[in-house]
Protein chains: 2
Amino acid sequence: MKLTTKSRYAVTAMLDIAYHNKGNPISLPEIADRQNISLSYLEQLFSRLKKSGLVESIKGPGGGYMLSKGADDIVISEVIQAVDEDLETTACNGKSNCHNNHQCISHNLWQDLGVEIKNFLSDITLQQVISKNNSDIKEIKLSEY
Amino acid sequence: MKLTTKSRYAVTAMLDIAYHNKGNPISLPEIADRQNISLSYLEQLFSRLKKSGLVESIKGPGGGYMLSKGADDIVISEVIQAVDEDLETTACNGKSNCHNNHQCISHNLWQDLGVEIKNFLSDITLQQVISKNNSDIKEIKLSEY
DNA sequence: TAATAGTTGACAATATTACTAGGTTAAATC
DNA sequence: GATTTAACCTAGTAATATTGTCAACTATTA
């Protein structure tokens, strides 16, 4: 799992929608303004988010984007995966003929690391992040670590 | 903590040295060949690794790079930090005036995530990765998760 | 001492990715 | 129906990542 500003923008935007959602769609210009992200960039990100089925769109005035599932049903990892293709986790590309090959000693580390990060991010829903002072996340952290 | 291919290259190269080290320095062309990383790029990465004090270099024939500490004394996170500057973890840049501001709801998530990843990577040494079939890492994983 | 194998550093060149700008289309309101 | 608002699409530019080249400089070896 690759972690860049792109991932963060996508998550931030999704959080913004979840946070401000009151049944009505949220427009990208709104998000762009609130979160200080370029509108064009947001459009590209949301193109992917839509393709991945995470959001639905309504055109025209009053339109915008809505989460296609509940905020407690969308985890951070799927948002990131929607906009950022996976990082090749190993030099060998994860090929199975790489077992115990000294040319690919980092295979396991990156594999494991990827799994760890993904696990961490798969345990956190948009709703949990939004919940005041993030007590939910703190709980996760304390119990898991 | 930003995670990109660059980070992986650096870690992979360090692991290669640790793995092949028998008291003698390891040359970059060797690593480039074994790990399929461009020599030029390796040179740039090792320039940083040296500046950070993680490796020492020996010039001339038979020269190359050596770890400046034991492989069990170098953790993955410091390798990554040496080559990759930190990712801004939040849109607000972590400024303290951002508390409970709805414009920066993702603040805590990214902060926490960064800490988690760093913790994970700070618990793993080069030596642990190299140890056959990574039993050490598995142990860490099981106990922590 | 000459030749060689290696590091080191400075650039330039290319490739890939991040980000921006502008136009087109769809729906709503006036 | 004209205007507005917003999604959508197609580029372009800017920034990084990656590779390539060349010229010192250093130690080894013959």
Side-chain angles (χ1 to χ4, degrees), chain A residues 1-14 16-17 20-21 24-68 80 82-88 91, chain B residues 2-13 17 20 24-68 80 82-88 91:
Chain A
M1 175 149 300
K2 191 156 71 174
L3 293 180
T4 65
T5 52
K6 193 177 191 177
S7 322
R8 197 186 67 221
Y9 285 161
V11 173
T12 303
M14 290 291 280
D16 187 280
I17 292 183
H20 293 94
N21 171 50
N24 52 320
I26 310 290
S27 75
L28 293 190
E30 270 183 80
I31 301 177
D33 185 50
R34 274 196 294 258
Q35 305 298 338
N36 241 54
I37 307 173
S38 120
L39 178 57
S40 302
Y41 201 32
L42 272 181
E43 284 169 348
Q44 289 179 29
L45 296 180
F46 273 82
S47 164
R48 297 210 188 188
L49 291 171
K50 192 182 175 186
K51 260 180 208 146
S52 302
L54 291 176
V55 295
E56 285 164 8
S57 65
I58 297 177
K59 281 191 164 187
Y65 286 93
M66 299 186 309
L67 304 183
S68 47
I80 295 178
V83 298
D84 245 344
E85 29 271 41
D86 270 1
L87 179 67
E88 281 177 22
Chain B
K2 190 156 72 173
L3 291 180
T4 66
T5 51
K6 195 176 188 175
S7 322
R8 197 186 67 220
Y9 285 161
V11 173
T12 301
I17 293 183
H20 292 94
N24 52 319
I26 310 289
S27 75
L28 293 191
E30 267 182 81
I31 301 177
D33 184 50
R34 272 196 295 258
Q35 305 299 338
N36 240 54
I37 307 172
S38 109
L39 179 57
S40 304
Y41 202 30
L42 273 181
E43 284 168 350
Q44 290 178 36
L45 296 179
F46 272 82
S47 164
R48 297 209 186 189
L49 291 171
K50 191 182 175 186
K51 260 180 206 144
S52 301
L54 292 176
V55 295
E56 285 165 7
S57 64
I58 296 178
K59 285 187 165 188
Y65 285 93
M66 298 186 311
L67 305 182
S68 47
I80 294 178
V83 298
D84 245 343
E85 28 271 42
D86 270 2
L87 179 66
E88 280 176 23

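Heavy atoms only: backbone and side chains are in, while hydrogens, waters and symmetry mates are out. Below, read A as the first sequence line, B as the second, and so on, with proteins coming before strands; counting in each chain starts at 1.
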### Task
Enter the distance from B:N24:CG to B:M66:CE here, rounded to the nearest 0.5 Å.
9.0 Å
#### Entry: Distance in Å, A:I31 CD1 paired with A:M14 CE, rounded so as to fall on 0.5 Å steps
9.5 Å
### Query
In residues 60-68 of chain A, which residues come under 4.0 Å of DNA chain C by heavy atom?
A:G60, A:P61
#### Entry: Check against side-chain contact (heavy atoms from CB on, under 4.5 Å), A:L28 and A:Y65
CA-CA 8 Å; A:L28 293 190; A:Y65 286 93; 3.6 Å; yes
Whole-Å distance between [N] [atom2] and [X] [atom1]?
X	N	atom1	atom2	result
A:N24	C:dA28	CG	P	15 Å
B:K50	C:dT7	NZ	P	11 Å
B:F46	C:dG6	CZ	P	15 Å
A:K59	C:dA28	NZ	C1'	13 Å

### salt bridge (charged side-chain N to carboxylate O under 4.0 Å, His left out) partners of A:E30, counting only residues at least two apart
A:R34
### Message
Show, in sequence, the C-alpha distance, side-chain angles and deciding distance for A:N21 and A:L67, and conclude whether the side-chain contact (heavy atoms from CB on, under 4.5 Å) test is met.
### Response
CA-CA 9 Å; A:N21 171 50; A:L67 304 183; 5.9 Å; no
Where do [X] and [Y] come nearest, in terms of heavy atoms and distance?
X	Y	value
A:P25	A:G62	CG-O, 3.3 Å
A:I80	A:K2	CG2-O, 3.9 Å
A:Q35	A:T12	OE1-CG2, 3.3 Å

Just list the side-chain donor-acceptor pairs under 3.5 Å for residues 43-52 of chain A, sequence neighbours left out, or say none.
residue : atom : partner : partner atom : Å
A:R48   : NH1  : A:V83   : O            : 3.0
A:R48   : NH1  : A:E85   : OE1          : 2.7
A:K50   : NZ   : A:S57   : OG           : 2.9
A:S52   : OG   : A:R48   : O            : 3.0

### Query
Listed by chain and number, what are the side chain to side chain contact (heavy atoms under 4.5 Å, CB included) partners of B:S38, not counting sequence neighbours?
B:S40, B:Y41
### Query
Among all residues two or more places apart in sequence or in another chain, which pass the side chain to side chain contact (heavy atoms under 4.5 Å, CB included) test with A:P29?
A:S27, A:L39
### Task
Scan A:P29 against the nucleic acid and name what it touches under 4.0 Å (heavy atoms): base, sugar-phosphate only, or nothing.
sugar-phosphate
#### Entry: Outermost nucleotides of DNA chain D that come under 4.0 Å of a non-hydrogen atom of chain A
D:dT4 to D:dA11
If you restrict it to nitrogen or oxygen atoms, what contacts under 3.5 Å exist between nucleotides 16-23 of chain C and the protein, and what is each distance?
residue : atom : partner : partner atom : Å
C:dA18  : OP2  : A:K6    : NZ           : 3.2
C:dC19  : OP2  : A:T5    : OG1          : 3.4
C:dC19  : OP2  : A:Y41   : OH           : 3.0
C:dT20  : OP2  : A:S38   : OG           : 2.9
C:dT20  : O4   : A:Q44   : NE2          : 2.2
C:dA21  : N7   : A:S40   : OG           : 2.7

